[in-house]
Amino acid sequence: MSQAAESLYARVREEVSAREERLWDVSLALHREPETAYEENRAARLLAGELEREGFEVQRGVADLPTAFLARTGAGNGSGEGPCVALLMEYDALPLLGHACGHNLIAAAGLGAALAARAALGEVEGSLLAVGTPAEERGGGKVTQVAAGLFEGVDAALMFHPGVHDWTWAPLTASAQVRVGFHGRAAHPTGSPTEGIDALGALIQLFNTLGVLSKRLPGGSHVHGIVTDGGRATNIVPEYAEGLFGLRGATTSALEELVEELRSCALGVAAATRTRAEVTDVGGRYEHFRDNEVLSGLFAGHLDRAGIRLSEPEPGVYLGSSDFGNVSTRVPGIHPWVAIMGPEGSDHTPEFAEAAAGPRARRVMAAAAEALACTAVDVLTRPDVRERAWELLRAKAAAGR
């Protein structure tokens, strides 16, 4: 490690330490007033304002998302000149549970990393971006941002996620929401039973068929669903019934195959029951997460200096899905998992929401901000890091991993 690099890391630590109280205040402010997907108006205003006050050029409402923003700094200023690093912030909460996924910590750590990296480097060679990404829990703000070209020219997309494990990367599957509607014909079930075509019966048969299908799905793939429309009265044969299905696959290609399996099952049931099936996607699909070990290894090394040791994920364990997958398949990216409570706990619970405002969460937030900033410094100042990260991404893409 060169003396110049160590000096930059020391400056990052000083900058994060100087801002820690304010960063924790920001985290608690988000935690006190949780806002759900696409409604994060206070959160976006608070975070963008913090960046603007420290000299970032802020563009609000990017990608036609009112609660998204993009903050820039550096000589390149996002123009494609020189290296470019994006630090991502999530800040949407869960309905009824608040910040039970710890997005208040993701936002505060991303904010701290952006401010500390800029202060440590002075005039940034290339570009440093701080990206506000709404609606991770529902809808997928990053899916829209990727489609809008927001990450074109970016050499590294960096974020962390709080959890119940200390893992160098998060095993995140590809996912989709698919709506299946069956059209039948209404009739009186007693007076004219032969005239009716039971749409609800078809939907129930689809659930049964998917139960058989599930027994042969590969690891990381599954399908689960709910009935969203089952008819209006017990004395009317339902002419329409609808279900919403969540599908996951260990890879994006596995998800695509599963969606086609669902479509085939629905059409087969429709043919057997004389109904008509409609199969439509709901929202954008989340692609699987593609870890970049060049970058996640650097992050883990920096976090180790703060006393947090990361390990490889437990084989066969999947943590869910994230719209960050869509970023990571196009740009070298990291999404490490850092524990704010023990492995006996779980996110998306009231207990996790409470932990996200606790003393361990504060230590993790500050440590993650420091490690993210140091990793950003590595990418911006070391051409070899950028080259190796891109080589790895291309190799994984060619292998379908």
Side-chain angles (χ1 to χ4, degrees), residues 11-37 39-58 60 67-71 73 86-94 97-120 128-137 158-163 302-303 306-308 336 338-341 347 350-374 376:
R11 289 187 63 186
V12 164
R13 287 192 288 273
E14 291 170 2
E15 294 294 340
V16 171
S17 179
R19 291 172 169 80
E20 182 179 340
E21 192 68 39
R22 178 55 187 158
L23 294 174
W24 187 238
D25 286 345
V26 168
S27 177
L28 291 180
L30 299 177
H31 193 275
R32 281 193 302 269
E33 297 185 287
E35 298 167 297
T36 54
E39 298 176 353
E40 316 96 326
N41 296 291
R42 289 187 301 271
R45 189 163 53 246
L46 172 61
L47 295 163
E50 293 287 326
L51 290 156
E52 207 163 37
R53 274 190 290 277
E54 294 219 24
F56 280 75
E57 177 190 333
V58 177
R60 294 169 171 82
T67 55
F69 63 86
L70 176 65
T73 190
L87 290 154
L88 276 59
M89 288 168 278
E90 297 174 355
Y91 36 84
D92 62 319
L94 289 158
L97 288 174
H99 278 288
C101 210
H103 289 188
N104 59 308
L105 303 173
I106 297 174
L111 171 65
L115 298 179
R118 180 181 186 273
L128 180 64
L129 311 180
V131 187
T133 66
E136 188 275 335
E137 296 291 355
L158 312 177
M159 65 173 289
F160 102 102
H161 203 295
H302 294 308
L303 196 66
I308 301 175
V338 186
I340 62 169
M341 65 185 303
D347 57 355
E351 293 78 15
F352 196 90
E354 183 178 354
R360 183 173 178 179
R362 176 171 178 164
R363 292 192 298 272
V364 166
M365 175 210 69
E370 179 185 313
L372 288 168
C374 288

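In this text, all values refer to a predicted model and were calculated from it rather than measured experimentally.
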Find out whether Leu303 and Phe160 are in side-chain contact, i.e. whether some heavy atom of one side chain is under 4.5 Å from a heavy atom of the other.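 No - every pair of side-chain heavy atoms lies 4.5 Å or more apart.
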
Side chain to side chain contact (heavy atoms under 4.5 Å, CB included) involving [X] - partner list, sequence neighbours excluded:
X	value
Ala356	His31, Asn104, Leu105, Ile340
Ala353	Ala100
Ala113	Leu87, Leu372, Ala373
Ser17	none

Which atom pair, heavy atoms only, marks the closest approach of [X] to [Y]?
X	Y	result
Gly55	Arg118	O-NH2, 4.0 Å
Ala114	Leu128	O-CD2, 3.6 Å
Trp24	Gly358	CH2-O, 3.5 Å
Ala339	Val364	O-CG2, 3.4 Å
Pro162	Gly102	CG-O, 3.5 Å
Tyr91	Ala68	OH-CA, 3.8 Å

Please confirm whether the backbone N or O of [Y] pairs with a side-chain atom of [X], one donor and one acceptor, at under 3.5 Å?
X	Y	result
Glu137	Ala37	no
Thr133	Met89	yes
Asp92	Glu136	yes

Could you tell me which residues satisfy salt bridge (charged side-chain N to carboxylate O under 4.0 Å, His left out) with Glu54, sequence neighbours excluded, listed by chain and number?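 Arg19.
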
Applying salt bridge (charged side-chain N to carboxylate O under 4.0 Å, His left out), name anything that partners Glu90, two or more places apart in sequence or on another chain.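 Residues passing salt bridge (charged side-chain N to carboxylate O under 4.0 Å, His left out) with Glu90: Lys142.
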
Distance from [X] atom [atom1] to [Y] atom [atom2], nearest 0.5 Å?
X	Y	atom1	atom2	value
His302	Ile308	NE2	CD1	14.0 Å
Thr73	Leu51	OG1	CG	10.0 Å
Leu46	Asp25	CG	CG	10.0 Å

Restricting to side chain to side chain donor-acceptor pair (under 3.5 Å), what partner residues turn up for [X], sequence neighbours left out?
X	value
Glu20	Arg362
Glu354	none
Arg13	none
Glu14	none

Within residues 99-118 or reaching into it, pairs that qualify as ring-ring contact (aromatic ring centres under 6.0 Å, His included) - sequence neighbours excluded: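 Found His103-His161.
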
Selection residues 41-52 - residue pairs positive for side-chain hydrogen bond (donor to acceptor under 3.5 Å, both in side chains), sequence neighbours left out: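 Residue pairs passing side-chain hydrogen bond (donor to acceptor under 3.5 Å, both in side chains), neighbours aside: Arg22-Glu50, Glu50-Arg53, Glu52-Arg60.
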
